[in-house]
Amino acid sequence: MKTSLEDTLLSAIRTIPDYPKPGILFRDITTLLGNARAFRRAVDELVHPYAGTKIDKIAGIEARGFILGGAIAHQLSAGFIPIRKKGKLPHETVRVAYSLEYGVDEMEMHKDAVTEGEKVILVDDLIATGGTAEGATRLLRQMGADIVAACFVIDLPDLGGRRKLEAMGVEVRTLIGFEGH
Ligand SMILES: O=P(O)(O)OC[C@H]1O[C@H](OP(=O)(O)OP(=O)(O)O)[C@H](O)[C@@H]1O
Ligand SMILES: Nc1ncnc2[nH]cnc12
């Protein structure tokens, strides 16, 4: 019998208490990435609704969004846009400050990474407060991207990220939620 998606993901994701700060339950996807079956299943499930849809680019958020986003871009025959922490991209960038569950930072995207009207899917491993995805959405829209959806393996619903993105008019797709984060 085929294991359910939820069971496959639940058993493949590791939880580390008090990382990177006291009180945070860190949902570690390195164990999922190291599990060939779980990794493939997560990517296949995220790609599935968009098979046959023309997607120009996948925007992946550093660092974990690069791994999933690269695999998804390959599956959808789309290009890839890296959204990086500040100071890492060599050409002209747009930059935005953002806050997340355990800190604040700034992220950047190359100005020429997307052209007006291109259809883009935003990808990251996890949405918590949604601060990171909100920042990425602002950057992409500033350069004219049409964001088709934002996809994450993990949702921490108590932290409200999904609602924040949906309020910006972004369709959100997640595979598994951890209540009580
Ligand atoms: O919804 P939020 O509260 O904004 O949090 C989600 C973000 O936090 C994590 O990244 P992190 O900043 O830890 O970076 P990393 O992937 O480089 O470890 C995660 O990969 C998301 O990008
Ligand atoms: N609890 C958490 N686990 C892993 N990554 C995160 N990013 C923000 N909150 C997180």
Side-chain angles (χ1 to χ4, degrees), residues 6 8-35 38-39 42-43 45-46 57-73 80-90 93-110 113 120-142 145 147 149-181:
E6 190 176 8
T8 299
L9 296 178
L10 272 177
S11 62
I13 295 164
R14 173 164 62 187
T15 297
I16 316 273
D18 298 320
Y19 181 89
K21 293 187 174 164
I24 303 290
L25 276 180
F26 190 84
R27 306 299 180 177
D28 174 22
I29 62 149
T30 62
T31 39
L32 181 149
L33 299 173
N35 175 332
F39 186 17
V43 170
E45 289 290 334
L46 289 174
K57 285 172 182 161
I58 303 300
I61 302 178
E62 185 177 3
R64 294 169 252 157
F66 286 2
I67 302 160
L68 293 159
I72 291 169
F80 182 82
I81 302 170
I83 297 187
R84 300 209 62 178
K85 311 264 160 65
K86 65 172 182 292
K88 302 281 188 180
L89 289 169
T93 61
V94 275
R95 182 184 286 199
V96 70
Y98 67 99
S99 56
L100 73 157
E101 192 186 4
Y102 39 71
V104 291
D105 209 337
E106 288 175 82
M107 70 175 91
E108 293 180 325
M109 185 184 97
H110 275 146
V120 175
I121 294 179
L122 180 64
V123 174
D124 206 349
D125 65 323
L126 173 148
I127 183 162
T129 65
T132 308
E134 178 189 18
T137 297
R138 289 193 194 289
L139 290 182
L140 289 163
R141 285 188 170 161
Q142 195 177 327
I147 303 180
C151 297
F152 309 86
V153 174
I154 302 168
D155 184 17
L156 305 185
D158 298 348
L159 295 178
R162 173 190 288 270
R163 281 193 305 280
K164 187 180 282 176
L165 275 199
E166 286 175 347
M168 296 174 82
V170 178
E171 178 184 310
V172 177
R173 181 164 162 73
T174 62
L175 300 185
I176 189 167
F178 288 92
E179 309 278 340
H181 64 279

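Since this is a predicted model, take the numbers as computed values, not measurements. Counting starts at 1 for both ligands and their atoms, following the listed order.
- One distance of note links CD of Glu62 with CD of Glu108; it measures 10.5 Å at 0.5 Å rounding.
- Distance from atom 2 (C) of ligand 2 to its nearest protein heavy atom, with residue and atom name: Glu101 OE1, 3.6 Å.
- In this structure, the separation between OG1 on Thr129 and CG on Leu159 is 7.0 Å, given to the nearest 0.5 Å.
- Not one N or O of Ala133 is nearer than 3.5 Å to an N or O of ligand 1, by distance alone.
- Those atoms of ligand 1 that come under 4.0 Å of a heavy atom in Tyr102, given as number and element, are 8 (O), 9 (C), 11 (P), 13 (O).
- Ligand-side atoms of ligand 1 in range of Thr132: 2 (P), 4 (O), 5 (O), 6 (C), 7 (C), 22 (O), range being under 4.0 angstrom from any heavy atom.
- Put simply, OH on Tyr19 and CD1 on Ile24 are 11.5 Å apart, with the number rounded to the nearest 0.5 Å.
- The N/O atoms of Arg64, backbone and side chain alike, include one that comes under 3.5 Å of an N/O atom in ligand 1.
- Note that CD1 of Ile83 and OG1 of Thr93 are 12.0 Å apart. Values are rounded to the nearest 0.5 Å.
- Polar contact with ligand 1: absent for Leu100 (N/O pair, distance under 3.5 Å).
- With respect to the salt-bridge test (charged N to carboxylate O, under 4.0 angstrom), the residues Glu106 and Arg95 qualify.
- Protein heavy atom in closest approach to atom 17 (O) of ligand 1: Lys85 NZ, 2.8 Å.
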* Would you please test Ile29 and Leu126 for side-chain contact (heavy atoms from CB on, under 4.5 Å) and show each step? => CA-CA 9 Å; Ile29 62 149; Leu126 173 148; over 6 Å; no

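- Of the N or O atoms in Ile127, none lie within a sub-3.5 Å distance of an N or O in ligand 1.
- Taking every heavy atom of Asp125 and a limit of under 4.0 angstrom, the matching atoms of ligand 1 come to 19 (C), 20 (O).
- Other residues, nucleotides and ligands contribute only 12 or fewer heavy atoms inside 6.0 Å of the CD atom of Glu6.
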